[in-house]
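Remarks on the structure that follows.
Please read all numbers here as calculations on a predicted model, not as lab measurements.
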Amino acid sequence: MENIIGKIRTLDAYPKINEDFYSRTLSGGVITLTSSIVMLFLFISELSLYLHTVTETKLVVDTSRGEKLRINFDVTFPAVRCSVLSLDAMDISGEQQFDIRHDIFKKRIDPHGNVIEERQGGIGSPKIDRPLQKHGGRLEHNETYCGSCFGAEAAGHDCCNSCEDVREAYRKKGWAMSNPDLIDQCKREGFLQRIKDEEGEGCNVYGFLEVNKVAGNFHFAPGNSFHQSNVHVHDLLAFQMDSFNLSHKINRLAFGDYFPGVINPLDRVQWTQETPSGMYQYFIKVVPTVYTDASGHTIQSNQFSVTEHSRPTNIGLFQALPGVFFFYDLSPIKVTFTEEHVPFLHFLTNVCAIVGGIFTVSGILDSFVYHGQRVIRKKRELGKFS
């Protein structure tokens with residue numbers, strides 16, 4: 001047994017030296033203290049990295065199909081009335097959404113930005129007293145109201161019971177409403193009077209859109225929109241206005257849900273119109289993004305980059321539609337962010353590397369200083385050091 005213990009003892013890579021042979025120096029103490037402080041600092045830094053998550057980034061080809069793209073927005077128009085502002089969306093697949101109102105909210109605001117009224121979709125409510133019937137007479141107490149669409153009915157039995165119904169029927173026909181006061185519903189609801197009452201007001205529009213995950217655009221523009229001869233047209237005659245000030249501030253614009261670290265470059269962007277009427281265009285490149293946190297929860301979202309362009313609506317003989325347009329296209333590359341914890345063995349390896357590395361380097365430095373001092377001391381004793 002003692003023979004085995006003796007053989008194990010010969011394998012000792014750390015032979016011990018009697019304390020009587022130790023030589024402690026001031027330089028060794030300074031180096032030991034300094035290396036201990038550096039070692040402690042690096043250990044705390046490594047521990048902090050271990051306790052926090054790290055994010056791994058990868059680029060992959062986006063193979064998803066048939067998904068929807070959610071667009072969250074909050075835009076303020078200080079000089080456009082809510083009653084004239086509409087939101088449309090269309091994409092290259094041919095899908096078109098005109099005068100979108102679902103999940104869209106409008107706030108009438110005064111010149112100081114204070115909220116006057118907030119409602120979903122349109123602003124104002126109809127007030128009709130004994131309206132004109134489709135057959136030409138006035139509504140009696142024992143009759144059911146069925147207003148005329150003034151030739152825009154899709155079928156003979158269709159009724160237009162409000163100014164908005166008539167405007168919608170005109171839009172579907174591709175007709176413009178030149179004078180709303182000639183329409184009984186609009187005259188009795190005070191359509192033009194409501195627009196005049198909102199003079200000097202602005203509008204804050206917020207909500208979200210669900211669109212196909214293909215290239216397309218959405219835009220804010222005055223007037224009801226319709227499709228005529230394969231051209232997207234807005235009816236501006238009904239408002240009897242010569243120009244529209246489309247100055248705006250984008251409070252928020254995001255393609256998808258929020259995730260940690262996302263930066264939306266259009267948040268709090270502002271543009272002031274200097275011409276009587278103008279068109280402002282944003283060209284957006286959307287990058288699909290998947291964020292997975294340390295607990296495994298996944299967020300499907302998007303990032304985007306943007307360039308901007310503005311121009312007046314009158315360019316020679318060409319008359320452009322005044323409005324704020326957002327043209328978006330999707331990248332074929334998807335970015336994935338994955339939160340991960342540093343493995344304990346990785347942390348342990350780094351700590352050992354820190355302790356061992358600093359111990360070795362400080363030992364080499366102490367040996368260099370110690371032997372350097374001895375050489376200088378000997379030369380002084382021999383009188384050879386000057």
Side-chain angles (χ1 to χ4, degrees), residues 48-75 87-98 100 102-104 205-220 232 248-271 280-309 323-347:
S48 176
L49 289 175
Y50 172 70
L51 295 177
H52 291 80
T53 57
V54 294
T55 303
E56 181 183 1
T57 305
K58 290 182 180 179
L59 299 179
V60 297
V61 176
D62 185 12
T63 57
S64 59
R65 294 183 299 172
E67 295 182 354
K68 289 288 186 178
L69 180 65
R70 177 168 176 148
I71 305 173
N72 303 294
F73 61 87
D74 183 348
V75 185
L87 171 62
D88 304 326
M90 54 198 70
D91 58 48
I92 60 173
S93 70
E95 182 171 322
Q96 299 180 344
Q97 301 179 57
F98 297 127
I100 304 169
H102 54 85
D103 303 314
I104 307 297
V205 189
Y206 66 96
F208 67 90
L209 299 172
E210 292 276 358
V211 297
N212 295 324
K213 198 173 180 181
V214 295
N217 81 83
F218 65 97
H219 58 266
F220 300 91
H232 183 71
H248 60 276
K249 179 181 180 182
I250 302 174
N251 304 306
R252 178 173 179 259
L253 180 67
F255 290 79
D257 297 329
Y258 170 82
F259 63 89
V262 64
I263 297 176
N264 296 318
L266 284 179
D267 287 0
R268 295 178 293 279
V269 167
Q270 190 166 350
W271 176 66
Y280 205 86
Q281 299 168 312
Y282 297 94
F283 298 93
I284 298 171
K285 193 69 171 182
V286 180
V287 181
T289 303
V290 179
Y291 186 91
T292 305
D293 60 23
S295 62
H297 176 64
T298 299
I299 301 173
Q300 301 280 349
S301 189
N302 301 275
Q303 303 177 84
F304 67 91
S305 61
V306 62
T307 55
E308 307 168 23
H309 176 69
V324 180
F325 292 78
F326 298 85
F327 298 91
Y328 57 88
D329 195 4
L330 287 103
S331 169
I333 302 299
K334 178 188 291 185
V335 180
T336 63
F337 296 110
T338 306
E339 279 189 353
E340 295 178 344
H341 283 289
V342 176
F344 177 73
L345 289 179
H346 189 276
F347 165 72

Spatial distance of atom NZ (K249) from atom CG (D267) [nearest 0.5 Å]: 10.5 Å
OG1 of T336 to OH of Y291: how many Å apart, nearest 0.5 Å? 12.0 Å
Between the main-chain N or O of G256 and the side-chain N or O of N72, is there a donor-acceptor pair closer than 3.5 Å? yes
Please verify the inter-ring angle class for Y50 with F347; under 30° counts as parallel, over 60° as perpendicular, anything in between as tilted. parallel
Evaluation steps, side-chain contact (heavy atoms from CB on, under 4.5 Å), between L253 and V306: CA-CA 11 Å; L253 180 67; V306 62; over 6 Å; no
Using only atom types and a distance under 3.5 Å, with no angle test, would you say the side chain of E339 pairs donor to acceptor with the backbone of D293? no
How close do V342 and L49 get, counting heavy atoms only, and between which atoms? CG2-O, 3.8 Å
Report the distance from atom CD of E308 to atom CG of L266, rounding to the nearest 0.5 Å. 6.5 Å
Check: W271 and V269 side chains under 4.5 Å, non-hydrogen atoms: no
To the nearest 0.5 Å, how far apart are NE2 in H102 and CD in E210? 9.5 Å
Looking only at atom types and distance, does a side-chain atom of D62 sit under 3.5 Å from a main-chain N or O of S64, one as donor and one as acceptor? yes
Mark yes or no for whether T292, through its side chain, and V290, through its backbone, hold a donor-acceptor pair below 3.5 Å. no
Within 6.0 angstrom of K58 NZ, more than 12 heavy atoms from elsewhere: no
Within the 4.5 Å heavy-atom criterion, are V75 and V324 side-chain neighbours or not? no
Are F326 and I71 close enough that some pair of their side-chain heavy atoms sits under 4.5 Å apart? no
Can you tell me if CG on L51 sees more than 12 non-hydrogen neighbours from other groups inside 6.0 Å? yes
Chi angles and distances behind the side-chain contact (heavy atoms from CB on, under 4.5 Å) call for V287, I333: CA-CA 7 Å; V287 181; I333 302 299; 5.7 Å; no
Hey, is D329 close enough to K285 for a salt bridge, meaning N to O under 4.0 Å? yes
Examine distances only and state if a side-chain atom of S301 and a backbone atom of D257 form a donor-acceptor pair shorter than 3.5 Å. yes
Distance check, rounded to the nearest 0.5 Å: F208 atom CZ versus L69 atom CG? 12.5 Å
Per the side-chain contact (heavy atoms from CB on, under 4.5 Å) rule, which among M90, Q97, R70 passes with V211? Q97
Can you name the closest pair of heavy atoms from A215 and L330 and give their distance? N-CD1, 4.0 Å
Electrostatic pair K213-E67, nearest N-O below 4.0 angstrom: yes
Would you check if V205 and I104 make a side-chain contact, meaning some heavy-atom pair closer than 4.5 Å? yes
How long is the span from the CD atom in Q303 to the CZ atom in F337, to the nearest 0.5 Å? 4.5 Å
When the ring planes of F255 and F304 are compared, do they come out parallel, tilted or perpendicular, using 30° and 60° as the limits? perpendicular
Between F218 and the options F327, Y328, F325, the side-chain contact (heavy atoms from CB on, under 4.5 Å) test singles out Y328
Heavy atoms only: give me the nearest N302-P288 pair and the separation to one decimal. OD1-CA, 3.2 Å
Is a side-chain donor or acceptor of D91 paired with a backbone partner of S93 at a separation under 3.5 angstrom? yes
Under the side-chain contact (heavy atoms from CB on, under 4.5 Å) rule, what do I250 and R268 come out as? Steps first, then yes or no, please. CA-CA 5 Å; I250 302 174; R268 295 178 293 279; over 6 Å; no
